[in-house]
Amino acid sequence: MNQMTSVEKNVNTQDIKISASGVQVYYGDTHAIKDVDVEIEDKTVTAFIGPSGCGKSTFLRCLNRMNDTIDVCRVEGTILLDNEDIYDRKVDPVQLRAKVGMVFQKPNPFPKSIYDNVAYGPRIHGLFKNKADLDNIVESALRRAAIWNEVKDRLNAPGTGLSGGQQQRLCIARAVATEPEVLLMDEPCSALDPIATAQVEELIDELRTNYSVVIVTHSMQQAARVSQKTAFFHLGNLVEFGETGQIFTNPEDPRTESYITGRIG
Amino acid sequence: MPVLWLFLIIVALSAFGFIAGRARAYQSAGGDVRNLHSLPGYYGYNVALTALVPALAVLAVWLLAQPMLIENSVSKMIPDEIIAEGSNRSLVMSDVRRVANGLDLAVSSGAMTNDEVNALSTDTSDIRATLGSIGVALGSDVSPEVLAAAQSYRSKSYTGTLVMTVVVLLLAIGGLALAYTRTHKDFRARNVVERGVLGLLIIAASLAILTTIGIVLSMLFETMNFFRLHPWTDFFFGGTWSPNFRGDSDLSILPLLWGTLYISFIALLVAVPIGLFAAIYLSEYASNAVRSIAKPLLEILAGIPTIVYGLFALLTVGPMLVNVFGRGDQGLLGVEWMSGATSVLTAGVVMGIMLIPFVSSLSDDIINSVPQAMRDGSLGLGATKSETVRQVIMPAALPGIVGAILLAASRAIGETMIVVMGAGAIAKFSLNPLESMTTITTRIVSQLTGDTDFASPETLVAFALGLTLFVLTLGLNILALYIVRKYREQYE
Ligand SMILES: Nc1ncnc2c1ncn2[C@@H]1O[C@H](COP(=O)(O)OP(=O)(O)OP(=O)(O)O)[C@@H](O)[C@H]1O
Ligand SMILES: [Mg+2]
């Protein structure tokens with residue numbers, strides 16, 4: 001774990017982008033998230049770690065109100081984006097999701113061409129001036145997601161025809177093309193080989209200069225490599241939240257320590 | 001012995017076989033189920049099914065075949081001379097059956113003994129009066145040949161039934177005995193029952209297929225008869241439909257096909273947008289509470305008999321349209337474009353209403369089968385619901401929806417009652433939807449109702465029309481199923 005020392009020095013205090021306090025999530029009678037407070041800083045990568053089923057995806061989905069689409073799901077507490085309550089009536093979830101983009105845990109390319117998949121967001125939000133402009137947006141998104149070389153010759157082939165790992169990167173490209181202010185990534189590298197993983201991590205690092213990124217990961221090394229802040233979830237509770245370096249070298253909670261050292265999980 | 005009793009006896013035998021077989025299996029295992037190859041119940045089922053199935057199958061076949069065979073042989077007893085002018089053999093045979101049934105009734109009510117009936121002759125007694133007195137009315141006096149045929153009919157039926165009873169009972173008992181003796185702890189009853197069940201399922205499936213083939217074949221033969229009497233070029237390529245009974249009818253399908261397709265087109269114009277939008281609303285927007293009320297309500301529409309839609313066309317929609325497009329100065333538009341209530345528009349609109357639930361429930365299934373991940377992906381990029389529907393869900397569901405529309409079209413083409421009541425009876429090529437026109441199904445109905453002569457092309461044309469309709473809708477259905485199936489594979 002010698003990479004994390006390099007990350008450590010980059011950490012500097014930033015503005016708060018998202019501030020969640022007292023968040024509770026229920027799926028029907030299941031209490032999935034229990035009283036979670038987190039502050040996500042701007043221009044920072046925050047990692048969510050924790051054992052499977054502890055509520056990482058659920059909490060992530062609260063941040064762009066994707067839980068609205070699940071009938072049985074109920075969210076309580078306040079989540080502020082740029083000091084505005086995103087669960088306020090005045091807030092349009094559609095606009096919110098354009099600002100807070102998301103890469104889902106399972107790759108979900110649309111049954112359209114690769115090009116149309118990436119151009120989907122820009123087209124909906126009118127982010128381009130002309131066809132050449134759109135071509136540029138698509139190309140740069142695909143390049144940033146480290147998939148351009150593999151697909152540049154078949155942009156008109158269906159996105160569903162790609163391999164699992166390629167689909168995952170296509171979905172990253174699709175999210176990046178919309179230029180969100182916050183990017184939520186739910187296990188974006190789960191199906192990627194080490195090379196593609198390194199490229200995606202590079203992208204995350206690059207995105208950090210302008211946006212804030214939240215990444216869910218099961219890889220401790222990845223969390224240590226890419227993030228400045230880490231939140232450890234366990235059974236719906238936020239056990240520990242702090243500087244990544246500190247969580248990995250000197251955790252306060254015994255549960256964090258045993259998870260990181262591989263004793264629970 | 002009445003067939004009902006025979007049936008009950010077989011069932012009782014088989015029930016007894018179940019218990020006996022199970023008990024014997026138990027015994028052979030020394031009372032320990034673990035020593036048996038199969039669960040004890042399987043041995044019981046094996047005995048029960050072996051007793052039941054062959055006996056029942058023979059019973060069913062016999063009951064179907066016996067009347068046909070007897071009819072055939074008795075019918076030979078009737079010489080051609082006694083068949084009166086204007087009558088035919090099948091009418092005389094129905095007389096024979098009536099007399100035979102009347103004699104049966106006379107015996108069972110005690111008015112005559114069996115021997116008296118067998119000795120009956122037209123010279124010595126007035127059979128019409130005798131049968132009349134026990135409540136069997138005959139249209140004319142009974143001729144000696146008919147009486148003889150009836151007597152022979154009776155005796156043959158009697159022997160036939162007797163033999164059948166014996167054979168069926170023997171089969172049941174034999175099956176039971178065979179399966180019972182084979183019951184032993186090592187006997188693989190489970191596998192045998194499995195094969196028996198498989199056999200039953202195959203029989204059910206092949207019955208369904210065989211009937212379809214039978215229907216098609218019978219249509220095919222009558223159609224061939226028709227084409228022997230009428231040139232096929234006129235049927236397929238002629239321009240007019242005007243059946244008459246002088247023998248020089250123009251019987252062309254084209255004007256009818258035009259009417260059919262035109263009405264179906266209007267029906268789809270009504271049903272597809274409304275049904276599709278209803279499906280989109282129900283599957284994408286409606287809350288659970290709304291959905292749980294609206295969906296059954298919509299499906300009630302599908303349960304209304306089409307004759308009721310026909311009445312609706314004739315009594316409500318037709319006059320309403322006349323009010324708008326007709327009646328001159330008294331009408332809403334002050335025009336005189338429509339005279340009668342029956343028109344292409346009337347039938348098309350009502351048929352469209354009938355098809356709404358069909359289109360909506362099929363589309364609903366298809367839209368629901370688009371994975372939630374697609375919606376999430378689109379919504380997560382900041383798309384609205386309608387953008388998601390338009391750009392992600394519809395393209396993904398399109399092939400399935402096209403399939404649904406084709407299925408709806410094939411229903412529209414085959415629909416009868418609504419067009420009989422709402423479309424009119426005039427065969428013509430016209431683009432005006434306010435005129436009445438006629439369809440293939442309407443003409444089939446009118447050619448086959450009333451006085452029909454199954455030797456004239458005017459009647460036989462109905463089969464040619466029916467077969468064409470069948471081929472048309474079959475083609476549409478196959479195309480639709482092909483499209484739907486191809487689409488299904490996409491997400492699996
Ligand atoms: N749509 C849903 N309906 C009901 N319960 C749900 C739903 N989604 C998640 N849950 C429940 O909420 C809890 C947290 O799930 P979540 O998906 O957030 O876990 P996770 O931390 O992302 O796990 P993983 O690492 O396996 O992805 C689980 O107990 C899960 O069963
Ligand atoms: Mg998850």
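Order of the sequence lines sets the chain letters (A, B, ...), proteins ahead of strands, with each chain counted from 1.
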Exercise answer: donor-acceptor pairs, residues 469-476 of chain B side-chain atoms, under 3.5 Å, sequence neighbours excluded:
from   : atom 1 : to     : atom 2 : distance (Å)
B:T473 : OG1    : B:L469 : O      : 3.0
B:T473 : OG1    : B:F470 : O      : 3.1

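- Crowding of B:R190 atom CZ: a count of heavy atoms from other residues, nucleotides or ligands under 6.0 Å not exceeding 12.
- Here the side chain of A:N108 pairs no donor or acceptor atom with the backbone of B:M374 at under 3.5 angstrom.
- Using a 4.5 Å cut-off between heavy atoms, A:R174 touches chain B through backbone and side chain atoms alike.
- Proximity to chain B among residues 178-191 of chain A is limited to A:T178, judged by heavy-atom separations below 4.5 angstrom.
- The 12-atom threshold is exceeded at OH of A:Y27, counting heavy atoms of other residues, nucleotides or ligands nearer than 6.0 Å.
- Between B:G382 and A:I124, the shortest heavy-atom distance links the atoms O-CG2, 4.1 Å.
- Residue A:N117 holds its CG atom at 9.0 Å from CG of B:L381, rounded to the nearest 0.5 Å.
- Both the backbone and the side chain of B:S378 come within contact range of chain A, judged by heavy atoms closer than 4.5 Å.
- Atom CZ of B:F277 sits in a sparse spot, with 12 or fewer heavy atoms from other residues, nucleotides or ligands closer than 6.0 Å.
- By the neighbour-count criterion of 12 heavy atoms within 6.0 Å, atom CD of A:E84 is sparsely surrounded, having that number or fewer from other residues, nucleotides or ligands.
- Below 4.5 Å, heavy atoms of chain B meet heavy atoms from A:V94, A:R97, A:A98, A:V100, A:G101, A:M102, A:F104, all part of residues 93-107 of chain A.
- Contact check for B:N288 versus A:D71: side-chain heavy atoms found under the 4.5 Å cut-off.
- Contact of B:Q391 with chain A is made through backbone and side chain together, with heavy-atom distances under 4.5 Å.
- Residues B:R375 and A:T69 form no side-chain contact, since every pair of their non-hydrogen atoms from C-beta on lies 4.5 Å or further apart.
- Applying the ring-ring contact (aromatic ring centres under 6.0 Å, His included) rule to pairs touching residues 111-138 of chain A yields A:F110-A:Y120, sequence neighbours excluded.
- Around CD of B:E194, the count of heavy atoms belonging to other residues, nucleotides or ligands within 6.0 Å does not exceed 12.
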Candidate pair B:D376 and A:R61, rule side-chain contact (heavy atoms from CB on, under 4.5 Å), full reasoning: CA-CA 10 Å; B:D376 283 353; A:R61 291 166 62 96; 3.8 Å; yes
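- Few gaps surround CG on A:N130; more than 12 heavy atoms of other groups in view lie less than 6.0 Å from it.
- Enclosure of atom NZ in A:K129 is not indicated, since only 12 or fewer non-hydrogen atoms of other residues, nucleotides or ligands lie within 6.0 angstrom.
- Atoms CG and CG, from A:D68 and B:L379 in turn, are 9.5 Å apart once rounded to the nearest 0.5 Å.
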